[in-house]
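What you see is a predicted model; the values in this text were computed from it and never measured. Lettering of chains follows the sequences in order, A, B, ..., and the numbering in each one begins at 1. Heavy atoms only: backbone and side chains are in, while hydrogens, waters and symmetry mates are out.
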2 protein chains.
Amino acid sequence: MLRVDARASDDPGVTGRRPLDELFDALADPTRRDVLQRLVHTGPQSATVLAEAFPFTRQAIVKHLKALEEAGLVAAERAGREVHYRATTERLAEAVAWLLGTSAGWDRRARRLAGLSPTAREGAG
Amino acid sequence: MLRVDARASDDPGVTGRRPLDELFDALADPTRRDVLQRLVHTGPQSATVLAEAFPFTRQAIVKHLKALEEAGLVAAERAGREVHYRATTERLAEAVAWLLGTSAGWDRRARRLAGLSPTAREGAG
DNA sequence: GTTATGTGCAACCCGTCAGTTGCACATCAG
DNA sequence: CTGATGTGCAACTGACGGGTTGCACATAAC
């Protein structure tokens, strides 16, 4: 439900693996973003069908889907011998929260914009 | 500031280099996000000073700053022999827009949330 | 002018990752 | 059962990117 929390970032101190990583990492690849969007527009699809819309092999798409799945951006559902991937949204909110939370740091209006709590902070120690 | 457009995604078509790429790419690296946040919290700083807060060399930080700069997330300003990097916000909005625009596709509520922005309410500026 | 501090450039490891291919396994249709 | 379609796994390759070091250049301080 895209609930923006505006926290979405535990204290890192300069370095440390945070859950945001796999999320932004998943979103970093253009193909992955395309896959995600296509999934959104067309509804749940199998990797095979999905791959037909891209200039890549099924396996490549599968890899992307795995990445997206680990990031919590898509969910896989088995239907017989087929596996349908469906876009999910919760995780996306975290990315938005970080962006908004970060921008709030130097743009007060951003925080008001989203009605976020000023607890936003992930600063490097 | 932080004007969320909720469109921000031209037809994906399956492939094609879009400006969003360098943006998400810049945000993909955890160190880069840390640098960005630190820049936000501490205000403009030189690469050298900035590097002291990280377990990396100045050069590493410089590279990240270059990436952030190309993505339009920070701006460099020369001051004598020093160069101060300052966080900027416009570009961040594009990322938010994409996320919101994407989520809106399969989550109507997201659009309402985005509705607090397409041109909007207060952030628009 | 000399020294100290700060930036810029280039070359160089090394790991990771996108994408590939090949093949084995599972399921549906006849 | 047999063949067709779909998925899963593993190994391999090539490229890109993060991080490093070393050194040259620029500016500030004395």
Side-chain angles (χ1 to χ4, degrees), chain A residues 12 14-18 20-39 42 44-71 73-86 124, chain B residues 12 14-18 20-39 42-71 73-86:
Chain A
V14 177
T15 320
R17 212 64 187 170
R18 284 148 302 177
L20 249 335
D21 290 3
E22 54 184 2
L23 183 53
F24 275 107
D25 200 63
L27 292 171
D29 190 282
T31 301
R32 226 131 53 199
R33 289 200 304 278
D34 283 348
V35 167
L36 187 58
Q37 285 214 323
R38 183 150 198 105
L39 227 39
T42 68
Q45 277 187 333
S46 69
T48 302
V49 172
L50 208 40
E52 292 171 0
F54 293 85
F56 303 119
T57 17
R58 171 183 59 94
Q59 288 301 345
I61 302 299
V62 168
K63 280 193 182 179
H64 284 307
L65 286 169
K66 294 265 190 226
L68 288 169
E69 189 177 10
E70 285 197 3
L73 290 172
V74 307
E77 288 168 10
R78 181 131 224 152
R81 74 179 157 183
E82 299 184 8
V83 176
H84 295 135
Y85 294 87
R86 170 178 52 83
Chain B
V14 167
T15 321
R17 212 64 187 171
R18 284 146 302 176
L20 251 332
D21 290 2
E22 54 184 3
L23 182 53
F24 275 106
D25 199 63
L27 292 171
D29 189 281
T31 299
R32 225 132 53 201
R33 290 200 304 277
D34 283 347
V35 168
L36 186 58
Q37 285 216 323
R38 181 149 199 108
L39 227 39
T42 67
Q45 276 188 333
S46 69
T48 302
V49 172
L50 209 40
E52 291 171 1
F54 292 85
F56 303 118
T57 354
R58 170 182 61 93
Q59 288 301 343
I61 302 299
V62 168
K63 280 192 182 180
H64 284 308
L65 286 169
K66 294 265 190 225
L68 288 169
E69 189 177 8
E70 285 198 1
L73 290 172
V74 308
E77 288 168 10
R78 181 131 224 151
R81 74 177 158 185
E82 300 184 8
V83 176
H84 294 135
Y85 294 87
R86 169 179 54 83

For the pair A:V62 and A:T57, evaluate side-chain contact (heavy atoms from CB on, under 4.5 Å) and give the outcome as yes or no after the intermediate values. CA-CA 9 Å; A:V62 168; A:T57 17; over 6 Å; no
Restricting both atoms to N or O, compile the protein contacts to nucleotides 13-19 of chain D shorter than 3.5 Å, with distance only.
unit_1 : atom_1 : unit_2 : atom_2 : d
D:dG18 : OP1    : B:R32  : NH1    : 2.6
D:dG18 : OP1    : B:R32  : NH2    : 2.9
D:dG19 : OP2    : B:H64  : NE2    : 2.3
D:dG19 : N7     : B:K63  : NZ     : 2.8
D:dG19 : O6     : B:K63  : NZ     : 2.4

Check side chain to side chain contact (heavy atoms under 4.5 Å, CB included) between A:A28 and all other residues, then give those that pass, not counting sequence neighbours. B:A28
When you measure from the side chain of B:R32 to the backbone N and O of B:L27, does any donor-acceptor pair fall under 3.5 Å? no
Could you tell me the separation between the CD atom of A:E82 and the C1' atom of C:dT27, rounded to a whole number of Å? 10 Å
Check ring-ring contact (aromatic ring centres under 6.0 Å, His included) between B:Y85 and all other residues, then give those that pass, not counting sequence neighbours. none
When rounded to whole Å, the CD1 to P distance for the pair B:I61 and D:dT21 reads 14 Å
Rounded off to whole Å, could you give me the CD-to-P distance for the A:E22 and C:dT16 pair? 16 Å
Excluding sequence neighbours, so at least two apart, what forms salt bridge (charged side-chain N to carboxylate O under 4.0 Å, His left out) with B:E77? B:R86
Rounded to the nearest Å, what distance is computed from the CD atom of residue A:E70 to the P atom of nucleotide C:dA18? 12 Å
Show your working on side-chain contact (heavy atoms from CB on, under 4.5 Å) between B:F56 and B:H64 and close with a plain yes or no. CA-CA 11 Å; B:F56 303 118; B:H64 284 308; 5.7 Å; no
Side chains of A:L65 and A:L50 in contact at under 4.5 Å (non-hydrogen atoms): yes
For every nucleotide of nucleotides 22-30 of chain D, 5' to 3': is a protein heavy atom under 4.0 Å from its base (B), only from its sugar-phosphate (S), or from neither (-)? B----BS--
Roughly how many Å is it from NE2 in B:H84 to P in C:dT5, rounded to a whole number? 16 Å
In whole Å, what is the span from the CG atom of A:L65 to the C1' atom of D:dG8? 13 Å
Can you name the residues that form a side-chain hydrogen bond (donor to acceptor under 3.5 Å, both in side chains) with A:R58, not counting sequence neighbours? none
